[in-house]
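Heads up: the structure comes next, in structure tokens.
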Number of protein chains: 2
Amino acid sequence: MRNTGEVDAVDAQLLLALTESPRATVLALAERVGLSRNTVQARLARLEERGALSSFERRIDPAALGYPLTAFVTVQVTQRMLTEVAAALDGVPEVLEVHGLSGQTDLLVHVVARDADDLYRIAGQLLATEGVERTTTALVMRKLVEHRMAPLLERAIRGGHDEG
Amino acid sequence: MRNTGEVDAVDAQLLLALTESPRATVLALAERVGLSRNTVQARLARLEERGALSSFERRIDPAALGYPLTAFVTVQVTQRMLTEVAAALDGVPEVLEVHGLSGQTDLLVHVVARDADDLYRIAGQLLATEGVERTTTALVMRKLVEHRMAPLLERAIRGGHDEG
DNA sequence: TCGGATACTGAGCACTTTGCTCACTCTCGA
DNA sequence: TCGAGAGTGAGCAAAGTGCTCAGTATCCGA
């Protein structure tokens with residue numbers, strides 16, 4: 001099996017095992033998936049070097065840091081100001097992530113806040129940014145499906161070979 | 001300093017250190033933040049037990065699994081069907097996360113797909129779900145700000161004591 | 001002002017894990 | 001038939017873990 005740069009079934013098994021116990025040692029993982037320690041170590045190294053694992057920051061819960069409120073702000077931007085607006089958003093600590101959406105002038109901004117007042121302030125800050133034409137703030141009331149990847153991993157384990 | 005259940009400056013330092021090198025050993029972290037190994041171990045344990053760290057799944061890049069496309073689908077739901085719709089969405093592997101938004105009948109659904117056709121299929125699947133009245137699909141063209149938590153961590157380190 | 005709880009330290013110790021190397025096998029695919 | 005890629009098992013020194021213990025400092029409430 002020539003490794004194509006994409007995660008294969010065995011990698012998916014490892015990731016799934018890690019999902020269940022992120023602190024598992026290489027030895028434990030090896031036993032879990034029925035491979036030698038050497039192999040597991042090599043695969044983990046490959047996964048990391050390939051960039052299949054993104055920053056640890058994603059695992060940090062903003063609520064634990066004192067930011068229990070989450071909101072998504074849709075921002076409509078003056079066409080030519082996109083870069084400047086992105087830079088301005090990057091400077092706001094409460095902005096966790098910004099997606100550029102199809103439509104080219106719409107941004108989806110993921111923000112967190114300490115409380116309602118705080119959120120109001122941040123939303124105002126976004127709206128006041130030069131190049132921002134309009135914003136719509138939607139507060140997250142509850143998480144109906146928590147972020148998960150397991151179903152796709154399980155599919156990768158079963159499906160196995162025919163990627164794409 | 002009575003620990004209130006919220007992350008303090010030292011915890012934030014640890015998390016920041018982990019962000020920079022997620023595989024760092026407890027010993028390395030202790031040296032990094034200038035505390036004893038014992039203390040670091042205790043704090044890490046507390047962080048975990050307190051739930052400040054969410055699932056490892058968040059660190060898995062869907063692109064590496066063969067799902068390079070990301071989209072956000074806004075779903076409007078018949079009022080009384082919310083639970084059923086949530087359950088249906090939970091059953092779709094490509095649905096990574098679902099947020100219930102203010103407005104009570106709007107959901108924000110985070111999906112990934114193998115390609116445009118795949119996304120089309122998934123969007124259709126969402127729309128076909130019983131209880132779903134209307135959907136709007138927005139494709140993510142680019143990430144203008146990658147998910148990050150460092151700015152808030154740094155603020156926690158500086159700010160220090162007055163939480164809230 | 002005393003007592004208890006909490007946080008931190010440094011030391012110690014047995015045990016496990018890591019990181020690395022080496023030689024060897026197997027199985028594709030050219 | 002050859003070579004690259006993937007996996008195995010063994011081995012070894014060094015490092016890290018998990019845990020306990022005794023001692024100190026500090027804050028808080030009674």
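Protein chains get the first letters and strands the later ones, always in sequence-line order, with residue 1 at the start of each.
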Nearest-angstrom distance from the residue atom CG of A/Leu35 to P of C/dC26: 17 Å

- request: Calculate the interatomic distance between A/Arg32 atom CZ and C/dT17 atom P; express it in whole Å.
  value: 16 Å

- prompt: Cluster question for you: counting only ILVMFWY and a side-chain heavy-atom cut-off of under 4.5 Å, with indirect links fine, are B/Ile60 and A/Val40 together?
  reply: yes

statement: Rounded to whole Å, CD of A/Glu31 lies from P of C/dT16 at a distance of 13 Å

query: When the distance from CG of B/Asn38 to C1' of C/dA11 is rounded to whole Å, what number comes out?
result: 10 Å

task: Verify the contact: side-chain N or O of B/Arg46 to OP1 or OP2 of C/dT6, cut-off strictly under 4.0 Å; return yes or no.
output: no

Out of D/dA6, D/dG9, C/dA7, whichever nucleotide has its closest atom nearest the side chain of A/Arg43: D/dA6

- prompt: With no hydrogens and no angle check, is any side-chain donor or acceptor of B/Thr78 less than 3.5 Å from a backbone partner on B/Arg80?
  reply: no

- request: For the residue pair A/His110 and A/Phe72, categorise the inter-ring angle as parallel (less than 30°), tilted (30 to 60°) or perpendicular (more than 60°).
  value: parallel

Rounded distance (Å) that lies between atom P of C/dT18 and atom CD of A/Glu48: 13 Å

message: Can you say whether a donor on the side chain of A/Arg37 sits under 3.5 Å from an acceptor on the base of D/dG7, or the other way round?
response: no

message: A side-chain contact here means heavy atoms from C-beta on lying under 4.5 Å apart; do A/Glu20 and A/Arg32 qualify?
response: yes

- prompt: Taking OP1 and OP2 of C/dG19, is either one under 4.0 Å from a side-chain nitrogen or oxygen of B/Arg23?
  reply: no

message: OP1 or OP2 of D/dG16 versus the side-chain N and O atoms of B/Thr25: is any pair under 4.0 Å?
response: yes

field: Phosphate-side-chain proximity, B/Gln41 and D/dT17, N/O vs OP1/OP2 below 4.0 Å
entry: no

message: Let's see if you can work this out: which of D/dG16, D/dG9, D/dC19 has an atom nearest to the side-chain heavy atoms of B/Leu27?
response: D/dG16

query: At under 4.0 Å, does any side-chain N or O of A/Thr39 touch on OP1 or OP2 of D/dA6?
result: no

